[in-house]
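Notes follow the structure.
Chain identifiers are assigned alphabetically (A, B, ...) following the order of the sequence lines, protein sequences preceding nucleic acid strands; residue numbering begins at 1 within each chain.
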There are 2 protein chains.
Amino acid sequence: MVVTGTSRAALAYLKALYALEEESPRSGARGRLGTARRVTTSAIAERLAVSAPSATNMLKRLAARDLVSYEPYKGASLTRKGRAVALEIVRHHRLLETYLVEALGVPWEEAHAEAEALESNLSESVEERMFAALGRPRFDPHGHSIPTRNGAMPKTSRRSLWDVSDGEAVLVAQVPDSHSDALRYLAEVGVLPGVRVTIESRGPVGGPLFVRVEDNEDAPVALSKEITEAIWVH
Amino acid sequence: MVVTGTSRAALAYLKALYALEEESPRSGARGRLGTARRVTTSAIAERLAVSAPSATNMLKRLAARDLVSYEPYKGASLTRKGRAVALEIVRHHRLLETYLVEALGVPWEEAHAEAEALESNLSESVEERMFAALGRPRFDPHGHSIPTRNGAMPKTSRRSLWDVSDGEAVLVAQVPDSHSDALRYLAEVGVLPGVRVTIESRGPVGGPLFVRVEDNEDAPVALSKEITEAIWVH
DNA sequence: TTCTTGATTTAGACAGGACTAATACTGCTC
DNA sequence: GAGCAGTATTAGTCCTGTCTAAATCAAGAA
Ligand SMILES: [Mn+2]
Ligand SMILES: [Mn+2]
Ligand SMILES: [Mn+2]
Ligand SMILES: [Mn+2]
């Protein structure tokens with residue numbers, strides 16, 4: 001239980017920091033490990049819907065606990081320790097999402113919010129039981145990898161559907177998890193992880209992508225730039 | 001979701017107050033409804049392992065929100081509104097205990113603590129799904145009644161095993177839920193809700209009760225006064 | 001190299017909760 | 001009815017987290 005003694009609020013910051021580091025483009029010198037991606041104070045504040053001073057304040061306190069490395073005016077990044085804590089929460093989150101959907105039939109567009117409510121209070125023991133009950137899953141319902149018990153995060157495809165060329169067929173790897181309207185729509189039209197899709201055509205600059213979904217004889221579905229940028233494929 | 005906007009800490013006080021009111025002997029004039037049982041500040045403080053001033057402080061704040069009726073030096077009691085909130089948490093707690101034990105195989109002596117960690121973050125939607133998945137249970141694993149969705153609390157037996165006379169056979173209704181050592185022992189010797197037991201004999205004043213357990217050919221089990229007082233039967 | 005401006009941090013407050021030390025009640029005893 | 005003992009409340013702090021307003025920095029424009 002890496003997480004013990006860390007408040008819900010602090011965990012939210014660590015998780016946000018983790019997500020923002022992942023989202024940020026790989027830092028310049030490809031492969032230069034140790035070159036931690038720094039995340040700006042305002043990015044964190046925005047993500048958590050909190051004021052910038054609040055973020056500064058929390059970053060300092062996390063830095064004092066060696067969970068975050070923070071330099072004034074230069075942003076923050078997770079330390080090894082902070083990353084371990086963040087990954088533990090991510091594991092809780094994704095296991096809960098999976099469990100809620102698989103075992104309790106929670107609609108996938110609601111799973112994210114429900115999991116968020118529970119993730120910081122999940123014990124290792126219950127975590128392990130859910131993991132076993134689900135058959136040791138490797139992906140959550142949105143296709144995100146579930147970190148292992150010891151904090152390893154399997155690498156996943158980073159190619160977005162938006163970047164796929166016309167006529168090419170690809171497999172949906174993951175969809176975003178937190179925009180429930182979009183998720184409801186994706187479920188409706190069948191754009192789910194594991195499904196094969198083909199780009200049929202695309203509208204004018206920045207316009208929608210028309211995507212044909214495997215096993216769906218209907219007309220191709222229109223997907224906005226925003227959403228297709230957030231869908232990873234391989 | 002009666003509970004929204006009430007902090008984890010505040011919920012703990014309401015729940016403690018509820019439990020203490022239940023435990024207190026029915027107030028004098030049998031049946032005089034409206035005669036709310038008042039709970040002392042120190043009883044609450046002790047139950048929550050908190051200082052007396054902390055309890056005073058919280059009681060005042062709960063009173064300001066009309067969840068508790070509080071008069072200085074005279075203790076506190078739940079208002080109708082406060083009782084509804086408390087019952088909702090009790091429902092969450094007991095459903096979670098049941099779910100953890102039944103669906104995830106959590107040992108019953110651990111269920112209480114695990115449920116306590118999760119109860120204040122359980123949504124109505126997940127609550128309802130667990131309830132359905134369990135087949136709308138009416139009792140938790142320790143034999144406590146689960147309040148209904150609309151906050152009705154079924155009445156239960158209040159006769160304690162300690163008060164049963166020698167030779168009499170009774171059915172265990174409920175056991176205490178929070179002392180895990182005792183629970184582990186009870187499970188081992190088979191003293192579970194629904195099991196029939198007979199008082200074989202009893203030790204000297206305040207000494208242990210020797211109880212024969214249905215379907216258990218072994219020697220009668222010795223149970224302390226404390227534990228048997230906390231076991232209800234019918 | 002200096003200016004300007006947007007991003008950040010500092011200052012100062014506040015609410016929720018909890019603690020210790022000091023004070024004030026209450027109820028019981030004589 | 002006065003005195004005590006034990007309960008309970010008040011006073012004063014502290015810590016977490018959050019906010020707004022004010023000050024400060026860093027980086028690009030000129
Ligand atoms: Mn999610
Ligand atoms: Mn864990
Ligand atoms: Mn319990
Ligand atoms: Mn509920």
Side-chain angles (χ1 to χ4, degrees), chain A residues 3-17 20 24 27-28 37-77 82 85-86 89 116-117 119-121, chain B residues 3-17 20-21 24 27-28 36-77 82 85-86 89 116-117 119-121:
Chain A
V3 142
T4 313
T6 305
S7 74
R8 191 185 192 73
L11 292 174
Y13 279 89
L14 294 174
K15 200 171 57 143
L17 206 34
L20 289 166
S24 85
S27 47
R37 278 142 281 170
R38 301 204 146 266
V39 175
T40 65
T41 302
S42 50
I44 296 170
E46 187 188 352
R47 182 62 60 102
L48 294 174
V50 121
S51 72
S54 297
T56 299
N57 177 34
M58 180 62 95
L59 288 175
K60 282 183 179 169
R61 296 201 331 253
L62 292 172
R65 296 173 51 194
D66 193 33
L67 293 166
V68 149
S69 120
Y70 167 73
E71 245 184 298
Y73 296 102
K74 305 201 155 168
S77 62
V85 174
I89 293 300
E116 203 142 71
E119 65 194 18
S120 46
N121 301 295
Chain B
V3 141
T4 313
T6 304
S7 74
R8 190 186 193 73
L11 293 174
Y13 278 89
L14 295 175
K15 199 171 57 144
L17 205 34
L20 289 166
E21 286 186 6
S24 86
S27 46
R37 279 141 278 171
R38 301 206 145 265
V39 175
T40 65
T41 302
S42 50
I44 297 171
E46 187 187 354
R47 181 62 61 101
L48 294 173
V50 121
S51 71
S54 298
T56 300
N57 177 31
M58 181 62 94
L59 288 175
K60 281 185 181 167
R61 296 202 329 256
L62 292 172
R65 295 173 51 193
D66 193 32
L67 294 167
V68 150
S69 118
Y70 167 73
E71 245 183 298
Y73 296 102
K74 306 202 154 168
S77 62
V85 175
I89 293 301
E116 203 142 71
E119 64 194 18
S120 47
N121 301 295

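- You'll find that the side chain of B/T56 is closest to D/dA8, out of D/dA8, C/dC19, C/dT10.
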Discussion item. For a side chain to side chain contact (heavy atoms under 4.5 Å, CB included) check, start with the C-alpha distance between B/V50 and B/Y13, then their side-chain angles and the critical distance, and finish with the verdict.
Written reply: CA-CA 10 Å; B/V50 121; B/Y13 278 89; 3.4 Å; yes
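- The distance between atom CD of B/E71 and atom P of C/dT26, rounded to the nearest whole Å, is 10 Å.
- Nearest to the side chain of A/K60, among C/dT10, C/dC25, C/dC19, sits C/dT10.
- The side chain of B/T41 approaches D/dA8 more closely than any other nucleotide in the set D/dT18, D/dT16, D/dA8.
- Residues A/P72 and A/A10 both approach DNA chain D. Their nearest nucleotides, taken by heavy-atom distance, put A/A10 toward the 5′ side.
- Summarising the geometry, the separation between OH on A/Y70 and P on C/dT8 is reported as 9 Å, rounded to the nearest angstrom.
- Among C/dG16, C/dA18, D/dT9, the nucleotide with an atom closest to any side-chain atom of B/P53 is D/dT9.
- In this structure, B/K74 and B/T40 have side chains that are not in contact, with every pair of non-hydrogen atoms separated by 4.5 Å or more.
- Among residues two or more places apart in sequence or in another chain, the salt bridge (Lys or Arg N to Asp or Glu O under 4.0 Å) test is passed with A/R47 by A/E23.
- The distance between atom CE of A/M58 and atom C1' of D/dT18, rounded to the nearest whole Å, is 10 Å.
- Place B/K74 and A/V50 on DNA chain D by their nearest nucleotides, and B/K74 ends up nearer the 5' end.
- Considering only side-chain N and O atoms, A/S51 lies nowhere under 4.0 angstrom from the phosphate OP1 or OP2 of D/dT18.
- If you take CZ of B/R61 and P of C/dA15, they are 11 Å apart, rounded to a whole angstrom.
- At a cut-off of 3.5 Å, with distance as the only test, no side-chain donor of B/S24 or B/R38 sits close to an acceptor on the other residue.
- Across C/dA18, D/dA8, D/dT18, the shortest atom-to-atom separation from the side chain of B/T40 is found for D/dA8.
- The distance from atom CG of B/L59 to atom P of C/dG17 is 12 Å, rounded to the nearest whole Å.
- Atom CG in B/N57 sits about 13 Å away from atom C1' in D/dA8, given to the nearest Å.
- Between the CG atom of B/L48 and the P atom of C/dC19 there is a distance of 10 Å, rounded to whole Å.
- The side chain of B/S42 sits closest to D/dA8 out of D/dA8, C/dT20, D/dC19.
- Under 4.0 angstrom from either OP1 or OP2 of D/dA23 there lies no side-chain N or O belonging to A/Y73.
- Looking at heavy-atom distances under 4.0 Å, B/A9 makes contact with sugar-phosphate atoms alone, never a base.
- Rounding to whole angstrom units, CD1 of residue B/I44 and C1' of D/dA8 are separated by 12 Å.
- Which of D/dT16, C/dA24, C/dG16 sits closest to the side chain of B/S7 comes down to C/dG16.
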Practice prompt. Applying side chain to side chain contact (heavy atoms under 4.5 Å, CB included), run through A/L11 and A/V85 and close with a yes or a no.
Written response: CA-CA 8 Å; A/L11 292 174; A/V85 174; 3.6 Å; yes
